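Comments concern the structure below.
Chain identifiers are assigned alphabetically (A, B, ...) following the order of the sequence lines, protein sequences preceding nucleic acid strands; residue numbering begins at 1 within each chain. Only this structure's heavy atoms are used, side chains among them; waters, hydrogens and symmetry mates stay out. Note that the structure is a prediction, hence the values are computed from the model and not measured.
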Amino acid sequence: AQTVTQSQPEMSVQEAETVTLSCTYDTSESNYYLFWYKQPPSRQMILVIRQEAYKQQNATENRFSVNFQKAAKSFSLKISDSQLGDTAMYFCAFMTTGNQFYFGTGTSLTVIP
Amino acid sequence: EPEVTQTPSHQVTQMGQEVILRCVPISNHLYFYWYRQILGQKVEFLVSFYNNEISEKSEIFDDQFSVERPDGSNFTLKIRSTKLEDSAMYFCASSDRDFNTEAFFGQGTRLTVV
């Protein structure tokens, strides 16, 4: 079974500080892709960052970076220099060859001014 | 920037009624999806659609649900005889190729069954 676990239902961070959101997953697939999606109050799902499982190098996208530990099946998201606009629900997800996304339960992040 | 568009943004329906949720995927995309998110819970896969047929569906997607691409632009989700537990946010998504790519999500339709 494919599962995604986000163990932090809620987190907060001071503006300009750094925060790390945790995600672990379980799959028997060897080839898959990992994603972090952001869902602001507008409810739209927005891609934050993507990681190919076969790549050892961690993906980065401006202030967002991941720590991908394939053996541990861990995929955490680090947000540097947090901004008020980062306040949102963050979902970790992965996709296997079935082209189906599996989502975690989400982490609600609040950036405090 | 191209985007996935969903209508309506909010739909209220009586229990037992049929609803149709509409989506306009990004124009050159070939793979289409419906997901649902019950309030406070995770996003759940319902169905994927490619080449005018369902390619995969979850156990949630039972005979009550159907999808259709009635013309070259729209992708619809029909829910027959709605139940209270169908109340959720429904997201449409599309992608331009199979696997290894992000899906672009619409803003969602909030369905409330009363």
Side-chain angles (χ1 to χ4, degrees), chain A residues 1-10 21-27 29-55 59 61 64 66 75 88-108, chain B residues 1-10 23 25-26 29-51 53-61 88-112:
Chain A
Q2 329 276 13
T3 60
V4 180
T5 302
Q6 293 179 250
S7 59
Q8 305 152 314
E10 294 181 356
L21 310 183
S22 302
C23 173
T24 58
Y25 60 93
D26 191 20
T27 180
E29 301 281 341
S30 58
N31 195 17
Y32 51 90
Y33 288 76
L34 295 156
F35 305 83
W36 278 96
Y37 275 88
K38 169 184 176 181
Q39 188 183 44
S42 67
R43 300 304 298 263
Q44 187 166 11
M45 298 277 282
I46 303 166
L47 178 69
V48 174
I49 199 165
R50 179 178 71 181
Q51 172 81 40
E52 291 89 340
Y54 62 86
K55 286 187 177 179
E61 193 72 39
F64 299 89
V66 298
F75 182 61
M89 182 74 88
Y90 286 81
F91 290 96
C92 176
F94 78 87
M95 173 195 278
T96 66
T97 52
N99 218 41
Q100 173 182 334
F101 280 84
Y102 296 86
F103 287 88
T105 50
T107 296
S108 178
Chain B
E1 186 172 331
E3 61 180 18
V4 176
T5 306
Q6 290 185 243
T7 56
S9 57
H10 191 191
C23 169
I26 294 172
H29 284 187
L30 301 175
Y31 298 84
F32 313 112
Y33 313 87
W34 282 101
Y35 287 80
R36 115 182 148 180
Q37 184 183 29
I38 295 171
L39 186 63
Q41 299 186 22
K42 67 180 179 182
V43 179
E44 300 173 292
F45 170 76
L46 291 178
V47 66
S48 59
F49 191 87
Y50 170 71
N51 199 25
E53 61 182 26
I54 291 173
S55 50
E56 194 167 349
K57 61 182 181 179
S58 71
E59 60 273 11
I60 302 169
F61 194 87
M89 196 76 159
Y90 288 82
F91 290 99
C92 172
S94 70
S95 61
D96 63 349
R97 59 188 186 276
D98 191 14
F99 196 42
N100 83 354
T101 185
E102 71 171 288
F104 289 81
F105 285 81
Q107 290 184 300
T109 293
R110 181 179 297 282
L111 176 66
T112 302

Can you check whether B:Tyr35 reaches A:Phe103 side chain to side chain, under 4.5 Å on heavy atoms?
yes

B:Ala103 and A:Phe101: which non-hydrogen atoms are nearest, and at how many Å?
CB-CE1, 3.5 Å

Search all heavy atoms of B:Lys42 against all heavy atoms of A:Thr105 and return the closest pair with its distance.
CB-CA, 3.6 Å

Measuring from atom CZ of B:Phe105 to atom CD1 of A:Ile46, what distance do you get when rounded to the nearest 0.5 angstrom?
11.5 Å

